[in-house]
J.: 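Below you'll find the structure I mean.
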Amino acid sequence: MKAAMSILAVALVVSPLLHAAEAPVRIGLEQVKNPYYPNLHQQRVHVQSLADSITINDVVVNRGSCPVQKMPTVYAGSKPVPLVPSTLTYGKEIAVYIKGSCSVAEINVITSQGDWLMKY
């Protein structure tokens with residue numbers, strides 16, 4: 001009986017590890033030249049879908065202490081099209097820019113399939 005209880009306890013501890021979900025997004029951070037000021041660099045966060053369909057609801061850098069540009073300079077007609085929320089299919093991505101200088105410690109991507117955190 002003790003052996004059966006021990007095996008059950010080990011199975012309960014190991015089971016969640018075996019079924020841990022793989023992130024449905026790939027999160028990246030890179031330095032890029034500012035297109036308007038070539039001598040300045042900006043940090044860009046890109047989020048790529050690894051799921052057939054996923055909605056990116058928000059991108060939060062350093063728990064909100066680093067502001068992120070969520071409105072692009074691209075317009076549909078006379079109105080700007082927001083980057084988030086965006087629904088992406090497999091392989092598609094969005095990129096948001098971090099405003100000002102910021103030492104990135106973590107990026108949290110809030111999606112329709114849960115929150116996904118990348119620490120640097």
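Index from 1, following the sequence.
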J.: Closest heavy-atom contact between N57 and S112?
T.: ND2-N, 3.7 Å
J.: Do you know which two heavy atoms are closest between Q113 and A51, and how far apart they sit?
T.: NE2-CB, 3.9 Å
J.: Does a side-chain heavy-atom distance below 4.5 Å link V25 with L50?
T.: no
J.: Can you tell if the side chain of V47 reaches within under 4.5 Å of the side chain of V59, non-hydrogen atoms only?
T.: yes
J.: Enumerate the salt bridge (charged side-chain N to carboxylate O under 4.0 Å, His left out) contacts for residues 82-92, please, sequence neighbours excluded, ordered by first and then second residue.
T.: none
J.: Residues two or more places apart in sequence or in another chain: which of them pass side-chain hydrogen bond (donor to acceptor under 3.5 Å, both in side chains) with D58?
T.: K70
J.: Using a 3.5 Å distance criterion without hydrogens, assess whether the side chain of Q48 forms a donor-acceptor pair with backbone atoms of G91.
T.: yes
J.: Just verifying a value: how many Å separate I54 CD1 and W116 CH2, rounded to the nearest 0.5 Å?
T.: 8.0 Å
J.: Applying side chain to side chain contact (heavy atoms under 4.5 Å, CB included), can you list everything that pairs with T87, at least two apart in sequence or on another chain?
T.: S53, T55
J.: What heavy-atom pair brings Y120 and G28 nearest, and what distance separates the two atoms?
T.: OH-C, 3.8 Å
J.: Atom CZ of R26 and atom CE of M118: how far apart are they, to the nearest 0.5 Å?
T.: 9.5 Å
J.: May I have all residue pairs that pass disulfide bond (SG atoms under 2.5 Å apart) and include part of residues 27-65, sequence neighbours excluded?
T.: none
J.: Quick one, L29 and Q43 - any side-chain contact, counting heavy atoms below 4.5 Å?
T.: yes
J.: Quick one: CD on E30 to NE2 on H46, what's the gap to the nearest 0.5 Å?
T.: 4.0 Å
J.: Anything under 3.5 Å between a donor and an acceptor, one on a side chain of residues 94-110, the other on a protein residue two or more places apart or in another chain? List them.
T.:
from	atom 1	to	atom 2	distance (Å)
Y97	OH	R44	NH1	3.3
E106	OE2	R63	NE	3.0

J.: Is there a continuous path of hydrophobic side-chain contacts, each under 4.5 Å between heavy atoms, that joins V60 to I27?
T.: no
